[in-house]
Structures are given as C-alpha cells and as structure tokens.
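In what follows, a single structure is set out as structure tokens and then discussed.
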Amino acid sequence: GAGVSQSPSNKVTEKGKDVELRCDPISGHTALYWYRQSLGQGLEFLIYFQGNSAPDKSGLPSDRFSAERTGGSVSTLTIQRTQQEDSAVYLCASSLTVGPGHQPQHFGDGTRLSIL
Amino acid sequence: GENVEQHPSTLSVQEGDSAVIKCTYSDSASNYFPWYKQELGKGPQLIIDIRSNVGEKKDQRIAVTLNKTAKHFSLHITETQPEDSAVYFCAASNTNAGKSTFGDGTTLTVKP
C-alpha cells in the first residue's frame, strides 16, 4: 500500500520567503508527526497531531513555524520569513494512533529545504 | 524532557562480523524503543522495536536488548552484509506522550 508521501521532495527558496511543506499520511493513521533533520544530525521533534489536534507543539523553533492538519489526513508545515538556519530535511511520519501498542512511526522521504 | 545518547557515531566492520550500537535514555517513563535504518536520501525505516516489558527481541540477524534499570538498550546485527551499511537511529518514547526522542545516529559501514 501507499506509504507516507511528502511534497515537494526538494525546495530552494530565498531568505525571507514563506514555504509550505505537505505531508500525506498512510490512510487510516490518526497520528502525524513532523521532525527536522539537519545535515548529519539526528531527528529533532517539531510537532505531532492526533486527528486534527496538536497536543504537543513544543518542538517548533519559533513563531515563524506553524502546522495544521485538516480532515484528519493531510498536514502542512509552514515556515514564514525563512532564514538560512531553517535549511534542513523536514520529515513527516504517521502512526495508527498514539498510545500503547500503536507507536511504530512510518516515515516519508522528507522535503529537502535550502534557503539561499 | 527525554535525552537519548547513542554510541558510537561511526562504526566500520568486515562483512560477516557483528555490529553493536548502544543507546542510553534519561526518562524512566519511556516505555517504547524503536530502531530505524536510514539510507541516503530516504526517510528512516523501522527495523525493530522493543517495549519496556520485554528484555530482548530478535528478528533474524537483528536483535535488541533493553536494561530498564540501567536505562540503556542496544542493537545487535550479526553476520553483517554490505547492504547493512546505513545510518542507524535509536529512539525512546512514552507511548502516551506521542513524540519520540532520537539519538544522533550511527553510520555503519560494512566492508566487503
């Protein structure tokens, strides 16, 4: 079946522009997660959704970052007034739900964001 | 919050040898510990996971052990093959809290 789909796969933009990254989770998965991976580094948690609600957005680096999820499916991560330090791979994952027995997260291949 | 440390950062082995990667965590409430393999240009792929009520789990050439008292867990790969070469990440989470905390990764190179 289809896995987690992210678009675009690559994005190059100028400093100061806004960008939108999209994530399509696996069908039926109610939990959705956003992570950021800088070059050669581990994954940094940004935010997760259970349905359309975001119980934990503690990882968002600043108020330039926001995310939403509508219809319990597709999610968009928006970065306003991009800075060079925002350059990274943004990874999305989904899982069946949050809670015992349903933790395995399935990742997309990410969006590689480069800020010039 | 949770903190996960992973060692070594790089590991090189000969084909057929075993590889061991170790992680420690800080939050005693963590109860789920997955391991992911990430190939170049791809997202992480789950290879094995273990829950806090289990001490060891094995899947063919891959095994994971967990010591809750010491708060550490390890990935063991036996009979390594060149296609095992990748970056491996450990993670820890509380299954009721949603997010996972990841280690910084281990780059495994298996030499033919």
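Sequence lines set the chain letters: A, B, ... in the order given, protein chains first and strands last, and positions in each chain run from 1.
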Exercise. Cluster question for you: counting only ILVMFWY and a side-chain heavy-atom cut-off of under 4.5 Å, with indirect links fine, are B:Leu11 and B:Leu75 together?
Worked result: yes
Problem set entry | Crowding at CD, A:Glu14 (>12 non-hydrogen neighbours, <6.0 Å) | no
Problem set entry | Nearest-0.5 Å distance, CZ of residue A:Phe107 to NZ of residue B:Lys42 | 15.5 Å
Exercise. How about B:Gln81: does its CD atom have over 12 heavy atoms from other parts shown lying under 6.0 Å from it?
Worked result: yes
Seminar exercise, completed: Correct closest heavy-atom pair for A:Leu91 and B:Gly43 would be CD2-CA, 4.1 Å
Exercise. Is the number of heavy atoms from other residues, nucleotides or ligands under 6.0 Å of A:Leu39 CG greater than 12?
Worked result: no
Exercise. Among B:Gly105, B:Ser100, B:Pro34, which residue forms the greatest number of heavy-atom pairs with chain A at distances under 4.5 Å?
Worked result: B:Ser100
For this session: Kindly check if the number of other-residue, nucleotide or ligand heavy atoms within 6.0 Å of CD (B:Gln60) is above 12?
Result: no
For this session: Sort B:Pro44 into side chain, backbone, both or neither according to what part of it lies under 4.5 angstrom from a heavy atom of chain A.
Result: both
Problem set entry | Value rounded to 0.5 Å, distance of CG in A:Asp109 from CD in B:Gln45 | 7.0 Å
Problem set entry | Side chain / backbone / both / neither for B:Ser93 at chain A, heavy atoms under 4.5 Å | side chain
Exercise. Does one hydrophobic cluster hold both A:Leu46 and A:Tyr33, with members joined at side-chain heavy-atom distances below 4.5 Å?
Worked result: no
Exercise. Under 3.5 Å, is there a donor-acceptor pair between the side chain of B:Asp104 and the main chain of A:Gln41?
Worked result: no
Problem set entry | Hydrophobic cluster identity match, B:Val20 and B:Val64, side-chain contacts under 4.5 Å | no
Problem set entry | Cluster check A:Leu21, A:Ile47: I/L/V/M/F/W/Y, side chain < 4.5 angstrom | yes
Seminar exercise, completed: In terms of heavy-atom contacts, B:Lys99 and A:Ser58 come closest through NZ-OG, 3.7 Å
Exercise. Can you get from A:Val19 to A:Leu60 by hopping between Ile, Leu, Val, Met, Phe, Trp and Tyr side chains that sit under 4.5 Å apart?
Worked result: yes
Problem set entry | Proximal component of A:Leu43, with respect to chain B [non-hydrogen, under 4.5 Å] | both
Exercise. How long is the span from the CD atom in A:Gln105 to the CG atom in B:Leu46, to the nearest 0.5 Å?
Worked result: 9.5 Å
Exercise. With only heavy atoms counted, which part of B:Gln6 is less than 4.5 Å from chain A, the side chain, the backbone, both or neither?
Worked result: neither
Exercise. Which atoms of A:Ser9 come close to chain B, meaning under 4.5 Å heavy atom to heavy atom: side chain ones, backbone ones, both, or neither?
Worked result: neither
For this session: Please state whether the side chain, the backbone, both or neither of A:Glu44 comes within less than 4.5 Å of a heavy atom of chain B.
Result: neither
For this session: Identify which of B:Gly41, B:Ala91, B:Gly103 forms the greatest number of heavy-atom pairs closer than 4.5 Å to chain A.
Result: B:Gly41
Exercise. Would you call A:Phe45 and B:Glu2 a side-chain contact if the rule is heavy atoms closer than 4.5 Å?
Worked result: no
